[in-house]
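In what follows, chains carry the letters A, B, and so on, assigned in the order in which the sequence lines appear, proteins first and then strands, with residues in each chain numbered from 1.
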Number of protein chains: 4
Amino acid sequence: MSSNKQNEIALAAVKLFEQKGYRATSVQDIADAVGLQKGSLYHYIASKEDLLMQIAHQAILQFNEQLQSILDQDISARQKLELMIRTHLTMSIDNLETTTVLWREAFALGEGPQEVIARMSDEYLNLVTRILQEGVQSGEFHVTEPRVTALAILGACNWVYRWYQQTGSLTAEDISQIFSHLFLDGLLT
Amino acid sequence: MSSNKQNEIALAAVKLFEQKGYRATSVQDIADAVGLQKGSLYHYIASKEDLLMQIAHQAILQFNEQLQSILDQDISARQKLELMIRTHLTMSIDNLETTTVLWREAFALGEGPQEVIARMSDEYLNLVTRILQEGVQSGEFHVTEPRVTALAILGACNWVYRWYQQTGSLTAEDISQIFSHLFLDGLLT
Amino acid sequence: MSSNKQNEIALAAVKLFEQKGYRATSVQDIADAVGLQKGSLYHYIASKEDLLMQIAHQAILQFNEQLQSILDQDISARQKLELMIRTHLTMSIDNLETTTVLWREAFALGEGPQEVIARMSDEYLNLVTRILQEGVQSGEFHVTEPRVTALAILGACNWVYRWYQQTGSLTAEDISQIFSHLFLDGLLT
Amino acid sequence: MSSNKQNEIALAAVKLFEQKGYRATSVQDIADAVGLQKGSLYHYIASKEDLLMQIAHQAILQFNEQLQSILDQDISARQKLELMIRTHLTMSIDNLETTTVLWREAFALGEGPQEVIARMSDEYLNLVTRILQEGVQSGEFHVTEPRVTALAILGACNWVYRWYQQTGSLTAEDISQIFSHLFLDGLLT
DNA sequence: TATGAATGAGTGTTCATTCAT
DNA sequence: AATGAATGAACACTCATTCAT
C-alpha cells in the first residue's frame, strides 16, 4: 500500500528537516533517504512544501486533540493544568524531531498553510487559557490575564525542543513536575 | 562614513530577515532595500551569512551584557529576577525584529557561527540560573532544579517574539508584571 | 544512453577549452554547444573543474599506457626511443585539442587534481628516462644525465601543440623522423 | 618617480601571475602586494591585461635582443648554437617567474596583444632557424628541415620553466651542456 | 510505480574598471 | 597621487518540479 511509502517519506523528511532545516533539505536528500529517485517521490507527495505542511499539521492536530481530551475530563483545573503540562512535554519529547519541525520550520510555509497552522496553534492557546479561566472560576487559581499567563506556560513548554537534546538525562516526567511546581506554587518560599 | 551604510544595511537586513526569513531573503532584496547594486553590498558585508551572524551576535551580546549588569547589582535575588524579566522583555519587544531574527534565524548559520551563538545563549542561561541559586542560598527561593527552572523562565520570555505582534495592546511592563507574578507566586490562590 | 551525452559534452568542452581556454569558457558556452540548458549539464558533470580533470586525466593516461606498451616490447633501446617519439607525436597531433588542453589548461585545476596529473606526467618522464638508461646499459646510447636528457626530448615533443597548427603541411611521421634524427645523431656532420 | 612604483607593480604581478595564474590573480591581489588600493593601481597601469602584456612583451623582447646579438657575432654556427642555448637557459632560469608568465599566461591576452607576442616569438624562431641554416651552409650541420629542428630545440629549452623548480640542483650552465651535447652529437655512441 | 533527463529561474559571490573627492 | 564607493555584468552552481517513457 502506498501509505507505507508515504509514511516512510514523511519520517525521513521529519528527520532531515530537523537536522538541516526545511530549506537546506533538498528533495534529493529525501529521495536518497528513502531510496527513490527524485522524480519518483512526486508519486507520493504533492510538493516539498506540502510535505512540510502534512508534518506540521499532523503534529499540531495531535497536540490539540490531546488537550481537548484533557479538557473533557471531569477533574479540577489544577489537575487539568498538571495533566496538560505532562502530556504536552511527553509528546514534545517523545516526538522531538516532529515538534522541532513544527515550531522551527512551519515559518517556511507559504501564507495559506502557515495561517492554518497559526490558527490551530491559537486554538491550542485558547484551550490552555480556558483551563486557567476554569481555575479562576473554581477559586483554585489567581490569574489576572489568563491569555498572557497561558502564553507564558506555553512558551516554557514549547521552548523545550531547543534544549532537551543536551539535557538528556531528565525525563519528560521529571520536567513536568518541575514546571508544574513552578507554575502552581512559584519560586518564593 | 561607512559605518552609516553598514548600519543601514544591517537594519534593512533585520527587517527583511524578520519578514521573509533569512533563506527567503536574497542579497538582491537587501541591496534593493538600501538602494545599492547587489555587488556593491559586498563593500560592506563579507557574506550574507556573516551579516546574519553580526545581527545575531550583537543581539545576544546585548542580552548578556544587560543581564550581567543586573547580576552585579547589590539587590535581592527576587529583585534581580524581576529586573531580569523586565529588562529581557523590554529589550525583546523594543527590538522585536532583531530578537525574532536571533531566535528564529540563527539556526541557518553554519556550524561555527551557530556554535558561537549557542555558547553565548548558554552563558545567558547560566546567569539566570545563578540568580535562582542566589535566591536559594538567601532563602528567598525554593528551587530543586535551578537550570530547568531557568529554562522554563527563559522559554516563557523568549517565546514572546512569536506572539507579541498580535497582542499589541500590552506593554513590556505589563507583561513583566504578569510573568513575575506567575513565576514568583504561582497560580494557586 | 547517457555515456553518449557525456562524451558529447566532453568533446565540446575540449574544443572550447582549446579555443578560449578553460577559464574563459563558461558553463553556458558548453551547454550551448551541446544544446542543453546550463542546469541540465549538471546531470552529466560534477563540476566544470571535474570536466577538465576528466579530459586531462584521460589524456595523460593514454600517453602513459602507450609508452608502457612500448617499454614492454622486446626491441632495442634505439627502437623504443624512435617508437616513443613517433607514438607521442602521432597521439599529440591526432588529438591536438586534447593535448593542448592537457599541457596548457591543467594548471587551472585545483591543488589535488593538479597533483594527480603532475604525478602521472612524472611517471611518463620516468618511462622515457628508463629507455635512455636501457640504451646506456646496452651500449647504444651515451648519456650522462638521463633525466635531463629525457626532459629535453619531452620538451621538444610536447611543445608541438604550440606550433603544429600553423605548420600543417607536415605529418606526425615527418616530424618524428626529423626529431629522431636530431636526438639520435645530432646536428653535426 | 613613478617608474619605481610601476616596476614594483610589475614585479608583484609577475610573482602573482606565476603563482596563481593570470586569471586567478585579481587586481586586488596585486594592489595588496604593493600596498595600494585597487583604484590607485590604475594610476600606474592601463588595465590588468595591459600589465600582462608589458610583462610578456618585455620578456620576449629580451630573448630576441640577446639572440640577435649572438647572431651578430663573428663566430661559428656551432658556437652560436651553443651560446644561444646557454643564454636562453640562463635567462629562463634567472627569470623563471617572468619566463613562466610569458609561456604559460600570454594565451590569456586578447587577440591583438597575443598576436604581437606570437609574432615576436616567431621572429625568435626565425633567428634560431638562421643559425641552423648558417651551419648547413658552412658545412658544420646536417639539417634537412631547419625550421622543425629549430622548433625541437626551442621546445626543449622552453619546456624548462615547467620542471626546473623541482630539479633545482642543476645550474643553467649544467643544463646547457647536456642540451648542447644532445643536439650537436646525439645520443648514439 | 518508477525513472532520469530536462528545465529555467534563482542563488551568493567575484571582479575589472570608473570616478568624484 | 590616492582613495574607496559604486557599478553591472558575469560566474558556477542548485533546485523543485515536470514529463515522456
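Among residues two or more places apart in sequence or in another chain, the ring pair (Phe, Tyr, Trp, His ring centres under 6.0 Å) test is passed with B/Tyr124 by B/Phe63, B/His88. Under the side chain to side chain donor-acceptor pair (under 3.5 Å) criterion, B/Tyr161 pairs with no residue, sequence neighbours left out. Qualifying salt bridge (Lys or Arg N to Asp or Glu O under 4.0 Å) partners for C/Asp29, counting only residues two or more places apart in sequence or in other chains: C/Lys20. Contacts of A/Arg119 classified as salt bridge (Lys or Arg N to Asp or Glu O under 4.0 Å), with partners at least two apart in sequence or in another chain: A/Glu115. Under the rule for a salt bridge (Lys or Arg N to Asp or Glu O under 4.0 Å), the partners of B/Asp122 that lie at least two apart in sequence or sit in another chain are B/Arg147. Residues satisfying the salt bridge (Lys or Arg N to Asp or Glu O under 4.0 Å) criterion with C/Asp50, sequence neighbours excluded, are absent altogether. C/Tyr42 is linked by a side chain to side chain donor-acceptor pair (under 3.5 Å) to nothing, counting only residues two or more places apart in sequence or in another chain.
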Whether each nucleotide of nucleotides 7-15 of chain E has a protein heavy atom under 4.0 Å at its base (B), only at its sugar-phosphate (S) or at neither (-) is summarised, 5' to 3', as BB-BSBBB-

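A straight line from CG of C/Leu16 to P of F/dC11 spans 13 Å, rounded to a whole angstrom. Distance, A/Ile30 CD1 to E/dA2 P: 16 Å, rounded to whole Å. Put simply, CD1 on C/Ile9 is 10 Å from P on E/dA5, counting in whole angstrom units. As rounded to whole Å, 12 Å separates atom P of F/dT17 from atom CG of A/Leu52. Separating the CG atom of B/Asp32 from the P atom of F/dA6 is a distance of 15 Å, rounded to the nearest angstrom.
A donor-acceptor distance shorter than 3.5 angstrom exists from the side chain of A/Gln114 to the backbone of A/Leu109, with no hydrogens or angles considered.
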A correct dot-bracket answer for DNA chain E, with pairs being Watson-Crick or G-U at under 3.5 Å, [ ] for crossing pairs and | for inter-strand pairs, is .||||||||||||||||||||

